[in-house]
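Beneath this line is the structure, given in structure tokens, with notes to follow.
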Amino acid sequence: METKTLEAHHKIPGFWRHYIFSTNHKIIGIQYLITSFFVALTAAGMAMLIRLEIAWPEHSWPLLGRIFPGAFPGGVMRPEVYAALFTMHGTLMVFFFLSAALVGGFGNFLIPLQIGADDMAFPFLNMLSYWVYLLGFLVMISSFFFSPGGPASAGWTSYPPLSAIKSAVAGSNWGQSFWIVGMAFFIASFTMGGLNFVTTVLSMRAKGLNMMRLPLTTWALFVTAAVGIFAFPALTAAVIMLFLDRHFGTSFFLPSGLYVAGKLLNNKGGSPLLWQHLFWFLGHPEVYIVMLPAMGFTSDILSTFCRKPIFGYAAMVGSILAIGSLSFIVWGHHMFVSGMNPYLGMFFDITTLIIAVPSAIKTFNWMATLWGGKIQLTTPMLFALAFISLFVTGGLSGIFLAAAPADIQLHDTYFVISHFHFIMAGASLFGILGATNFWFPKMFGKMMNETLGKLHFWITFITYYCVFFPMMFLGLHGEMRRLYDPIQYYTMFKPLQPINVFISINAFILGAAQLIFAFNFFWSMFKGKKASSNPWNANGLEWTLPSPPPYENWEGEPPEVYRWPYDYSYPEAPKDYLPQIVPDKAIAAGNF
Amino acid sequence: MKTSKRPLEAYFLFLVFILIVVLGSASFFKKWMPPLASNRISIDQMMTALFIVTGVFFVGVQGLTGYFIWKYSNQNVEKAAYVSGSHALEITWTLGTAVILAVFGVWSVRVWRKTVIQPPPSHALQVEVVAQQFSWNFLYPNQDGVFGKLNPQYISFLNPLGLDPKDPASRGDIWTKDNLYLPVGKPVVLKIRSLDVVHSFFVPDFRVKQDAVPGMAISTWFIPEKKGKYEIACSQFCGRGHYTMRGTCYVVSQKRFRKELKHLRKEDEGE
């Protein structure tokens with residue numbers, strides 16, 4: 001025993017290798033999480049400016065004029081700046097916040113702890129993954145300062161020719177190249193992480209932990225990583241071609257006869273639709289990359305605070321696998337009116353409706369988990385319950401968009417914005433917030449403040465609905481997304497403008513409320529109440545280790561697993577939880 | 001009677017879920033879509049059915065979730081039920097959902113065939129739509145009914161679409177900018193192109209939307225059924241002036257339509 005402790009102690013490196021250039025999965029997870037929170041605050045700030053412009057278009061804000069004289073000459077936002085803001089808001093939120101927090105943050109932190117491994121399969125690759133991600137973010141954000149013409153502004157979808165031709169929009173000058181390089185770093189980082197996750201889950205599980213005993217969180221992260229590995233190469237190919245089109249005179253996406261800004265271009269034979277296919281071949285699985293982990297967290301949090309097994313575990317695993325694989329054949333529902341062959345529209349209409357089935361199964365299973373439970377309304381539980389609500393609202397609105405003829409009316413309107421902010425952005429945001437509140441004690445050995453947590457939850461949940469639900473009505477009426485000024489030219493949107501003002505005011509409250517979370521996060525890290533090893537009386541392997549766990553988790557002595565992680569309120573057990581490491585023989589003794 | 005140990009928050013959460021249900025569904029009783037002004041009524045019918053079915057699910061699922069939260073937050077209960085699944089229940093809701101979605105799958109594909117795939121009647125009016133940053137150009141053929149060839153090589157201030165001057169068919173073609181005149185009750189085929197980036201031709205009142213993609217000519221057709229003035233929107237972000245790219249569609253009587261065309265032809269020739 002004596003020598004073992006010494007050995008273990010020896011393995012802890014100095015400050016730089018421990019906290020900065022760390023190869024430890026827990027540190028890397030926390031690095032990812034905190035970085036992604038900063039990204040989220042940045043991108044949320046952009047959203048505030050976007051909402052300011054939509055509610056009071058072309059209004060002069062002298063203060064903003066003084067802070068950003070270039071972007072707000074005379075206090076009025078320039079249209080180019082508006083375009084850059086919604087482009088970067090989308091890019092940063094989808095990739096650099098949601099994906100990074102869910103997969104990089106929680107994936108790294110949780111997978112080894114939940115499967116009883118001391119670290120990831122490839123720790124060095126893991127470290128590299130974080131630093132390449134950070135580099136990608138820095139490239140993206142630096143385009144605000146260093147690229148002539150400002151950051152990319154062709155939307156997060158970057159449809160060419162707009163994104164390919166420098167004279168088409170200011171952001172396509174150098175900003176789009178920064179965007180491409182930033183995305184390339186992100187893809188590289190995500191692929192490294194993905195390979196690592198898949199390998200780790202497949203080969204490093206503790207004894208007795210077969211796949212059907214994995215927590216749904218690990219299942220979801222595992223499938224997510226696999227989806228990422230298969231989907232991202234399409235975008236890699238696309239951004240390389242876009243780069244060549246922009247800088248080396250190729251015509252992958254540029255047809256002949258383009259006449260832009262008074263000049264005839266001599267490109268030949270390319271197709272703008274090719275980009276859309278490649279982009280959405282990644283883009284749609286990407287939606288599930290941010291959706292699946294949040295579903296996993298919610299399942300685990302619900303089960304824990306219902307003190308009841310998750311309902312329909314096998315169906316839940318099946319749904320995760322079904323969603324993961326079906327996500328590859330639905331991309332065309334983003335392109336119903338794009339001009340692709342209309343017969344393809346029928347195919348994607350049907351496949352998209354099919355993917356609603358596993359999503360519905362998951363919803364019903366969550367509801368059935370609540371039924372007959374003994375619900376404890378802790379902060380993580382509140383977020384998990386709100387997740388169900390957002391997921392249902394977003395999912396049902398998705399059926400309209402899946403039905404191709406309805407999409408004719410709704411495509412590119414605020415209905416779409418509402419839909420994906422409920423399901424892809426909102427539900428996964430609530431997943432992240434719930435998971436942070438849930439696993440924070442394990443990360444830092446401290447509890448987050450419940451009062452602040454609940455205050456944050458209530459404001460966030462209510463204003464979230466007030467911001468995104470009214471957008472459905474704007475969309476049904478036809479109001480399009482990405483309008484710098486929705487009412488100066490379109491008289492049909494003038495009567496709707498009070499809705500936009502209502503949305504914006506709620507958006508500001510929603511944005512401000514996130515500062516409560518930020519404060520709670522950092523304050524609790526230092527001043528929070530000390531956490532025990534298992535503050536929620538949960539069953540997962542991670543809760544059998546001290547909080548925070550030692551540098552090398554089990555230090556070479558992996559646990560042995562005897563059951564699934566959902567044995568809550570097990571009839572023969574003396575307590576209402578039964579950790580995975582308790583063998584049947586030891587249940588009666590109850591000494592866990 | 002045991003005293004209830006239900007936390008106040010459970011009531012509040014229940015209330016919020018009920019509010020979501022009530023406000024959410026109540027607001028859908030107002031007709032948010034602009035009144036239909038074309039023949040695409042099948043889209044509206046399908047959407048109405050979707051509103052009803054998704055509405056029932058919305059009320060049911062949100063309401064029941066709220067109710068469960070309220071009901072099962074009572075901490076006086078000894079232990080939760082050790083229930084981990086039910087084949088009967090799971091099969092029921094899987095099949096139930098699948099059947100409802102299958103109905104909408106068939107329905108939506110039929111409407112799609114009717115509106116998008118079915119070819120237009122042969123007597124339909126043909127109009128070329130050419131999008132460019134940041135305006136809409138419309139081109140009517142001359143009496144021969146054939147359009148002149150478009151070639152960007154010939155684009156100039158006086159020939160903004162690049163009508164081929166050597167093509168005899170181009171003589172007398174009528175070009176107009178931002179204003180589209182359509183005769184009421186007559187099917188119209190729009191052949192949509194773009195000179196520069198991707199735009200999207202969108203008239204909310206007609207339930208018509210079609211991207212304009214450079215390098216492609218994409219046709220869509222419909223019948224304007226109500227006289228009036230309708231706004232044409234660009235719904236695909238197309239650059240700095242995207243928000244200014246509005247056109248106007250005038251649906252007028254046959255007589256007035258012929259008059260407008262004559263007037264436009266004179267204007268074109270005057271140039």
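Every chain is numbered from 1 and lettered A, B, ... according to where its sequence line falls, protein lines coming before strand lines. For the numbers below, each heavy atom of this structure counts, side chains included, while hydrogens, waters and symmetry mates do not.
Annotation: maximal heavy-atom pairing with chain B below 4.5 Å, among A/Glu80, A/Gln409, A/Met492, A/Met480, occurs at A/Gln409. Ranked by heavy-atom pairs shorter than 4.5 Å toward chain B, the options A/Pro309, A/Gly478, A/Ala360 are led by A/Pro309. With respect to chain A, the highest number of heavy-atom pairs below 4.5 Å among B/Val213, B/Val203, B/Asp205, B/Ile155 belongs to B/Ile155. Options B/Asp44, B/Val116, B/Thr65 differ in how many heavy-atom pairs under 4.5 Å they form with chain A, and the most are formed by B/Thr65. Of the residues considered (A/Met335, A/Arg78, A/Arg482, A/Gln488), A/Arg482 shows the highest number of contacts with chain B, using heavy-atom pairs under 4.5 Å. The most heavy-atom pairs under 4.5 Å with chain B, out of A/Val169, A/Thr352, A/Ile361, A/Ile165, come from A/Ile361. The residue among A/Asn365, A/Ile310, A/Ile354 with the most heavy atom pairs within less than 4.5 Å of chain B is A/Asn365. Of the listed residues B/Ala233, B/Ser108, B/Gly215, the one with more heavy-atom pairs under 4.5 angstrom with chain A than any other is B/Ser108. Looking only at heavy-atom pairs under 4.5 Å with chain A, the residue among B/Thr94, B/Thr220, B/Leu64, B/Val106 that has the most is B/Thr94. Ranking B/Leu23, B/Ile43, B/Ile218 against chain A, the residue ahead of the rest is B/Ile43, based on heavy-atom pairs under 4.5 Å. Listed options A/Leu264, A/Leu483, A/Asp407, A/Leu476 were ranked by heavy-atom pairs under 4.5 angstrom with chain B; first place goes to A/Leu476. Heavy-atom pairs under 4.5 Å with chain A were tallied for B/Phe12, B/Tyr230, B/Phe57, B/Tyr67; the largest tally goes to B/Phe12.
Residues B/Val16 and A/Tyr465 have side chains not in contact (no heavy-atom distance under 4.5 Å, counting atoms from C-beta outward). At least one side-chain heavy atom of A/Met381 sits under 4.5 Å from a side-chain heavy atom of A/Leu302. Residues A/Leu162 and B/Phe237 form a side-chain contact, since some pair of their non-hydrogen atoms from C-beta on lies under 4.5 Å apart.
Between the side chain of B/Asn151 and the backbone N or O of B/Gln153, at least one donor-acceptor pair lies under 3.5 Å. Listed for the A/Asp349 side chain is a donor-acceptor partner under 3.5 Å among the backbone atoms of A/Ala404.
No part of B/Gln132 comes within reach of chain A, as not one of its non-hydrogen atoms sits under 4.5 angstrom from that chain. A/Asp485 touches chain B through backbone and side chain together, each having a heavy atom under 4.5 Å away. Neither the backbone nor the side chain of A/Phe493 has a heavy atom closer than 4.5 Å to any heavy atom of chain B. For a residue to count as touching a neighbouring chain, one of its non-hydrogen atoms must lie under 4.5 Å from one of that chain's; by this rule A/Leu385 touches chain B with backbone and side chain alike. When heavy atoms are compared at a cutoff of 4.5 Å, A/Thr491 approaches chain B by way of both its backbone and its side chain. Contact annotation for A/Ala368: only side-chain heavy atoms (C-beta onward) come within less than 4.5 Å of a heavy atom of chain B. When heavy atoms are compared at a cutoff of 4.5 Å, A/Gln376 approaches chain B by way of both its backbone and its side chain. B/Ile192 does not touch chain A: none of its heavy atoms, backbone or side chain, sits under 4.5 Å away. Looking at A/Phe305, neither its backbone nor its side chain comes within 4.5 Å of chain B, counting heavy atoms on both sides. The part of A/Met472 that comes within reach of chain B is its side chain, from C-beta onward, which places non-hydrogen atoms under 4.5 angstrom from that chain. Using a 4.5 Å cut-off between heavy atoms, B/Glu90 contacts chain A through its side chain alone, with no backbone atom that close. Only the side chain of B/Ile20 has a heavy atom closer than 4.5 Å to any heavy atom of chain A. The parts of B/Glu231 that come within reach of chain A are both its backbone and its side chain, each placing non-hydrogen atoms under 4.5 angstrom from that chain. For B/Met46, the part lying near chain A is the side chain, with the backbone staying farther off; criterion is any non-hydrogen pair under 4.5 Å. Only the side chain of A/Phe469 comes within contact range of chain B, with heavy atoms under 4.5 Å apart. Only the side chain of B/Pro7 comes within contact range of chain A, judged by heavy atoms closer than 4.5 Å. Using a 4.5 Å cut-off between heavy atoms, A/Arg481 touches chain B through its backbone atoms (N, CA, C, O) alone. For a residue to count as touching a neighbouring chain, one of its non-hydrogen atoms must lie under 4.5 Å from one of that chain's; by this rule A/Pro160 touches chain B with the backbone only. In this structure, the portions of A/Pro405 lying under 4.5 Å from any heavy atom of chain B include both its backbone and its side chain. Contact annotation for B/Val208: only backbone heavy atoms (N, CA, C, O) come within less than 4.5 Å of a heavy atom of chain A. For chain A, the nearby parts of B/Met33 are the backbone and the side chain; heavy atoms of each come within less than 4.5 Å. Looking at B/Leu95, there are no atoms closer than 4.5 Å to chain A (heavy atoms on both sides), in backbone or side chain. Using a 4.5 Å cut-off between heavy atoms, A/Tyr259 touches chain B through backbone and side chain atoms alike. If you measure heavy-atom distances from B/Ser42 to chain A, you find no contacts under 4.5 Å at all. When heavy atoms are compared at a cutoff of 4.5 Å, A/Trp458 approaches chain B solely by way of its side chain, counted from C-beta outward.
For the atom pair CZ of A/Phe461 and CZ of B/Phe17, the computed distance is 4.5 Å after rounding to the nearest 0.5 Å. Remark: A/Leu410 CG to B/Lys209 NZ distance equals 6.5 Å, nearest 0.5 Å.
Ring orientation note: the planes of A/Tyr484 and A/Tyr82 are nearly perpendicular, at an angle over 60° on the 30°/60° scale. Between A/Phe311 and B/Trp93, the two ring planes are tilted [angle within 30° to 60°]. Between A/Phe387 and A/Trp366, the ring-plane angle classifies as perpendicular under the 30° and 60° cut-offs.
With sequence neighbours excluded, the residues that form a side chain to side chain contact (heavy atoms under 4.5 Å, CB included) with B/Ala49 are B/Phe104, B/Trp107.
In terms of heavy-atom proximity, A/Ser389 sits nearest to B/Gln62 at OG-OE1, 2.8 Å. Nearest heavy atom pair, residue B/Ala10 against residue B/Arg6, reads CB-CG, 3.8 Å. Annotation for B/Met245 and B/Trp136: closest pair O-NE1, 3.3 Å, computed over non-hydrogen atoms.
Sequence neighbours left out, the pairs with a member in residues 9-29 of chain B that pass salt bridge (Lys or Arg N to Asp or Glu O under 4.0 Å) are A/Lys454-B/Glu9.
Residues B/Lys79 and A/Asp576 are not paired through a salt bridge, judged by the lack of any N-O separation under 4.0 Å between the basic side chain and the carboxylate.
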- Full working for ring-ring contact (aromatic ring centres under 6.0 Å, His included) between A/Tyr490 and B/Tyr243: CA-CA 8 Å; A/Tyr490 292 104; B/Tyr243 68 105; 9.1 Å; no
- Query: Going through the distances and angles, do A/Phe415 and A/Phe400 end up as a ring-ring contact (aromatic ring centres under 6.0 Å, His included)?
  - Reply: CA-CA 9 Å; A/Phe415 194 90; A/Phe400 287 79; 5.7 Å; yes
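At least one cation-pi condition fails for A/Lys308 and A/Tyr568: the charged atom is not both under 6.0 angstrom from the six-membered ring centre and inside a 45 degree cone around its axis.
Within a 6.0 Å sphere centred on CG of A/Asn266, heavy atoms belonging to other residues, nucleotides or ligands number 12 at most.
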